[in-house]
Protein chains: 2
Amino acid sequence: MPKERTATLRLQDVAEQAGVSLATASRSLSGAPGVSEAVAERVREVARRLGYVANVHARSLAGGVSRSVGLVVHEIGDPYFAEIASGVLRVGAREGLTVQICHTGRDPERELDQIRLLVANRVGAIIVAGSGFVDASKQAAAKADLQAFQRAGGRVAVIGRHHLGADAVLPDNQKGGRAITEHLLGLGHRRIAVASGARELTTIADRMTGVEEALTAEGIDPASVPVVEAEFTRAGGRQAAERILDEHPETTAILALNDDMAIGVLSALRARGVSVPEDVSVAGFDDVAVAQDLAPSLTTVRLPMAEMGEQALLLALKEPSSRPRRRHAGHEVVARDSTAPPRR
Amino acid sequence: MPKERTATLRLQDVAEQAGVSLATASRSLSGAPGVSEAVAERVREVARRLGYVANVHARSLAGGVSRSVGLVVHEIGDPYFAEIASGVLRVGAREGLTVQICHTGRDPERELDQIRLLVANRVGAIIVAGSGFVDASKQAAAKADLQAFQRAGGRVAVIGRHHLGADAVLPDNQKGGRAITEHLLGLGHRRIAVASGARELTTIADRMTGVEEALTAEGIDPASVPVVEAEFTRAGGRQAAERILDEHPETTAILALNDDMAIGVLSALRARGVSVPEDVSVAGFDDVAVAQDLAPSLTTVRLPMAEMGEQALLLALKEPSSRPRRRHAGHEVVARDSTAPPRR
DNA sequence: GTGAAAGCGCTAACAA
DNA sequence: TTGTTAGCGCTTTCAC
């Protein structure tokens, strides 16, 4: 980190070169009114020639405005969040905004720390992606900080169902859960098992609600359906699949609550010599890029991740409304090769 | 973005509440020496109680130091860069650094814009990930800006071979290219084809150099090996595979120069009814997370992406040396199910 | 239309 | 050990 005073160009230098005052130079470069076009153009020309770039810190300190936004994700290495980030960065670049990204590891405490850091950085907006917690108290502290941030003029948008009192982009978790279950039921499956992540996450809870709706509508008691809870990862999917195979050998279809788990399920089935979709059908959720490249290609629910990222930033860029806005993101069941009618 | 002056807490408020001067409050919170532990603790307590967070802009303006770094990637939605970013964020969080990420889309002009933006943001360090260009002039402007940034006290680290005059983490592209080719040759393949990306990228050039070394060592004329150039993506891999199948039906092994292309190759082969590895072996490069989950699982060269990200930030955090440092990242051929001895 | 000057919130000399 | 004060580079009234 630079310690010694950096010898960079200041606006003062540009002003002197252009033979105008600091104020005029400032106005010229920020496009503020009250400067003749001729002078403004001259100043801009000088700035360009000198390679001047304004000091964002000074600018934001003096003007109280910030051209940067913060994005809080679980883990950027996870394709789900990488896609969301991609959407956010795209809009950010278009709007000339800097985007700061940070990890939470789904730990409310780290989340809080990161949010505080973003507030300290005086970002103009904060976007929280990733699942909320069913237990609102887990994010109570974050909520308090975000509310204070909003009162101070900051903007907040979340992706997913949170109890954070902010504009939200809502993935179709419940409807998607219902739709993918209907797809399985429509194929004739009656012995379905679910590979689930931690139920304390709203993402999981909502997807499960959808699953249960579809089950009930078909006259199946949700309580009769095995739901194996494991980590929301490949490894978790593998474990879940093994337990399902061992404890519920009659299962004809496994629904994994995200693609990562579905990939783990596929790998466990392969290892056990269970063929998909002949012996067991497998479905996922999210439609990460690789879902189509697996063999068999994965039937899943497509969530428009990148678009959700874009929407979230766009929401955050709007004037705040009196009540939190909600945008529903849509979903689509993508039927591929991993699901087929059951044999029996 | 907040327009109205935000009514946040200032250090002055904390100082008053604690009954000390601004300077003492500053020292207490930044851990500077010259304050009695008792007073420092009291100030910290007050700050905590009030929920005070220092204004980074004021801090960096006054102190000339910055606790943030910039990361320049091709596209964050690409798993290769997402993994690198994950490594950078991990170290960043540990060091209390904010990380700004931006896209270039492999366009030198956008890269330059983004670098300028980072400089304007007075980040302490800039990390440029992604391939360099064989033609140094394409990044000449970026180089000039980065050099100026370094002279002004900023730190720069690159991942990959660039002509940027900065510390570098070098993926084992050449050695890896040689090793994976040797793997194919070792299995007995003599009719190998390469699905390559644009040769203007150093990543591709280096991997090809390794491939050619191995070929030559085995007494095969590199010029006799078909190299199909296409986009460095799945779609590009698909196209390349189709051309290889059409124009060089005798091919027994296809080496794709990254996993993304390899996935496209696999998908094209599947569509054509060509079985892997029985009819044709396929190998990739990078070992992105899904490589192991494909069917057949993909033989590839593992590059420690997340670690490369960590290393790059660590390099950038060190004191600058008189001459650019180089860190070699290592590689490992991971033999999986997509390669086997040729039939014929 | 242009310039002078007062801060923005903080750090770092320099005094006490 | 503590306090006073002068900036950091910019935006923004307020005069002219």
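What you see is a predicted model; the values in this text were computed from it and never measured. A note on names: the letters A, B, ... follow the listed sequences, proteins ahead of strands, and every chain is numbered from 1.
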(request) Please state whether the phosphate of C:dC10, meaning OP1 or OP2, lies under 4.0 angstrom from any side-chain nitrogen or oxygen of B:Ser26. (result) no

(request) May I ask you to evaluate whether B:Ser21 reaches the phosphate of D:dT4, defined as a side-chain N or O under 4.0 Å from OP1 or OP2? (result) no

With [X] via side-chain hydrogen bond (donor to acceptor under 3.5 Å, both in side chains) - residues at least two apart:
X	value
B:Gln17	none
A:Thr24	A:Ser21
A:Asp78	none
B:Glu200	B:Lys138

(message) I'd like to know if B:Arg42 pairs up with B:Glu45 as an ion pair, taking the criterion as any Lys NZ or Arg NE/NH1/NH2 lying under 4.0 Å from an Asp or Glu carboxylate oxygen.
(response) no

(request) Indicate yes or no: does A:Arg110 engage A:Asp113 in a salt bridge with an N to O separation below 4.0 Å. (result) no

Would you mind reading off the distance between [X] atom [atom1] and [N] atom [atom2], rounded to a whole angstrom?
X	N	atom1	atom2	value
A:Arg10	D:dG9	CZ	P	6 Å
B:Gln12	D:dG3	CD	C1'	12 Å
A:Leu61	D:dC10	CG	P	12 Å
A:Arg67	D:dG9	CZ	C1'	19 Å
A:Leu9	D:dC10	CG	P	9 Å
A:Arg122	C:dG9	CZ	P	8 Å
A:Asn121	C:dG9	CG	P	16 Å

Pair up each side-chain donor or acceptor in residues 31-40 of chain A with any protein partner under 3.5 Å, not counting sequence neighbours, and list the distances.
{"from": "A:Ser36", "atom 1": "OG", "to": "A:Val39", "atom 2": "N", "distance (Å)": "3.4"}

(message) Rounding to 10°, can you tell me the angle the first-five-pair axis of the helix from C:dG1-D:dC16 to C:dA16-D:dT1 makes with its last-five-pair axis?
(response) 40°

Could you tell me whether the side chain of [X] and the main chain of [Y] form a donor-acceptor pair under 3.5 Å?
X	Y	value
B:Asp145	B:Ala142	no
A:His103	A:Gln114	no
A:Asn121	A:Val123	no

Would you list the protein and nucleotides 13-16 of chain C atom pairs, both N or O, that sit under 3.5 Å from each other?
{"from": "C:dA13", "atom 1": "N6", "to": "B:Arg27", "atom 2": "NH2", "distance (Å)": "3.1"}

(request) Write out all pairs satisfying ring pair (Phe, Tyr, Trp, His ring centres under 6.0 Å) with one or both partners inside residues 20-71 of chain B, taking only residues at least two apart or from two chains. (result) A:His57-B:His57

(request) Could you list all the salt bridge (Lys or Arg N to Asp or Glu O under 4.0 Å) pairs where at least one residue sits in residues 86-101 of chain B, not counting sequence neighbours? (result) B:Arg90-B:Glu310

(message) By nearest atom, which of the nucleotides D:dT2, C:dG3, C:dG7 is closest to the B:Thr24 side chain?
(response) D:dT2

(request) Please tell me which of the listed nucleotides, D:dT11, D:dG9, C:dC10, lies nearest to the side chain of A:Leu22? (result) D:dT11

(message) Within residues 29-37 of chain B, which residues have any heavy atom lying less than 4.0 Å from an atom of DNA chain D?
(response) B:Gly34, B:Val35, B:Ser36

(message) Using the salt bridge (charged side-chain N to carboxylate O under 4.0 Å, His left out) criterion, which residues pair with A:Glu16? Sequence neighbours excluded.
(response) none

(message) Can you list, in residue-number order, the parts of residues 42-58 of chain A that come under 4.0 Å of DNA chain C, counting heavy atoms only?
(response) none

(request) Look up atom CG in A:Leu315 and atom CE in A:Met308, then write down how far apart they are to the nearest 0.5 Å. (result) 12.0 Å

